[in-house]
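No hydrogens, no waters, no symmetry mates; every other heavy atom, side chains included, goes into these values.
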Amino acid sequence: HRGAYLGKQVLRAEPGIYSATYRASVTTHLLAIQRAALAPLLQEGAAHGAQVQARVDELMLRGRMPLFDGLSPQALAELHGRMGHRHAAPGTDIVREGEARSYLYIVLAGQVEVAARGTDGQEMVTGTLGTGEHFGERSLFLDVPYGATVRAVAEPGGPGVELLTLDETTFDRLVAGSAAMAHYVEQVASGRQIATRRQLRLTGLIA
């Protein structure tokens, strides 16, 4: 059927003899590649396979995220094509409180800490985010600067944090086309703002 393949055994085995006869049952159009032409790709198979698996892991991660549950197949395809990747070393500020908004960030691997300042200017860590969680959606949705500093957790000798990024323009277009996504972002933004203010109030950092 469409998308299936045949003949892979001749690519890996010597002397490369087909182990079965394949016959078209209906008029069929095929794509073919010679064994010699594929050899360089096979030599790089391990590295290529790791890259493919990483992309699959990213897609699976997005599929488990409520943020994207309401998106249409077309919107998900746009999402996949527009997402970028960023690495942050341990202790690195990814966004700073008061900085102009630019991206939605999704934690692909590692952990980040969220810190906010009270009226006295003192900074306090108000929470942490791990794999599959995201930040920056409130700033993009409300068109305001980032409301907190988010940095990669400082683990001595640690690998840091791997992030997926989504630019403001694409985020706005996806939210505009999905009432479910817009509602989810509103809920998350409101809940995080309330939680942050509660944390700062309990420590006496705001009036």
Side-chain angles (χ1 to χ4, degrees), residues 47 50-68 78-175 181 184-185 188-206:
Q51 293 173 357
V52 170
Q53 187 59 52
R55 297 301 297 174
V56 170
D57 289 345
E58 290 181 17
L59 289 172
M60 290 179 64
L61 175 62
R62 296 171 197 164
R64 295 196 302 267
M65 294 180 60
L67 176 63
F68 302 133
E78 179 184 9
L79 174 71
H80 174 251
R82 296 288 297 181
M83 274 195 163
H85 179 268
R86 176 177 172 183
H87 172 79
T92 301
D93 287 348
I94 301 163
V95 302
R96 293 185 176 89
E97 184 175 356
E99 183 178 48
R101 75 279 179 274
S102 53
Y103 292 100
L104 165 74
Y105 292 88
I106 301 168
V107 181
L108 187 60
Q111 192 174 54
V112 300
E113 61 183 21
V114 183
R117 296 184 183 277
T119 54
D120 62 354
Q122 185 177 347
E123 184 181 271
M124 172 189 173
V125 175
T126 59
T128 58
L129 301 173
T131 301
E133 296 186 284
H134 50 85
F135 57 93
E137 70 290 322
R138 175 179 178 275
S139 297
L140 296 184
F141 188 68
L142 298 179
D143 196 18
V144 296
Y146 291 117
T149 295
V150 182
R151 64 175 58 94
V153 172
E155 299 176 347
V161 179
E162 300 299 325
L163 301 153
L164 296 175
T165 63
L166 185 65
D167 65 271
E168 179 182 3
T169 301
T170 305
F171 175 85
D172 288 344
R173 186 159 54 246
L174 293 176
V175 169
M181 184 175 178
Y184 178 80
V185 171
V188 171
S190 177
R192 287 184 175 173
Q193 187 174 32
I194 291 172
T196 297
R197 291 187 63 83
R198 182 181 296 118
Q199 285 272 54
L200 295 176
R201 185 175 290 110
L202 287 175
T203 58
L205 291 181
I206 65 174

May I ask you to test the [X]-[Y] pair for a side-chain heavy-atom distance under 4.5 Å?
{"X": "Arg173", "Y": "Thr170", "value": "yes"}
{"X": "Met181", "Y": "Phe141", "value": "no"}
{"X": "Arg96", "Y": "Tyr146", "value": "no"}
{"X": "Leu166", "Y": "Leu174", "value": "yes"}
{"X": "Arg117", "Y": "Thr149", "value": "no"}

How far apart are the closest heavy atoms of [X] and [Y], and which atoms are they?
{"X": "Ala116", "Y": "Gly147", "value": "CB-O, 4.4 Å"}
{"X": "Glu113", "Y": "Val153", "value": "N-CG2, 4.0 Å"}
{"X": "Asp167", "Y": "Arg82", "value": "OD1-NH2, 3.1 Å"}
{"X": "His87", "Y": "Pro159", "value": "CE1-O, 2.8 Å"}
{"X": "Pro145", "Y": "Ser139", "value": "O-OG, 3.1 Å"}
{"X": "Ala89", "Y": "Ala152", "value": "O-CB, 3.3 Å"}

For residues 103-112, which side-chain donor-acceptor pairs fall under 3.5 Å, sequence neighbours excluded?
unit_1 : atom_1 : unit_2 : atom_2 : d
Tyr105 : OH     : Arg86  : NH1    : 3.3

Exercise for the section: Hey, could you give me the CD1/OG1 distance between Ile94 and Thr165, rounded to the nearest 0.5 Å? Expected result: 11.5 Å
Practice task
In sequence, state the C-alpha distance, the side-chain angles, and the governing distance for Val144 and Arg138, and then conclude on side-chain contact (heavy atoms from CB on, under 4.5 Å).
Solution key: CA-CA 8 Å; Val144 296; Arg138 175 179 178 275; 4.0 Å; yes
Handout entry: ring-ring contact (aromatic ring centres under 6.0 Å, His included) contacts touching residues 109-130 (sequence neighbours left out)
Key = none
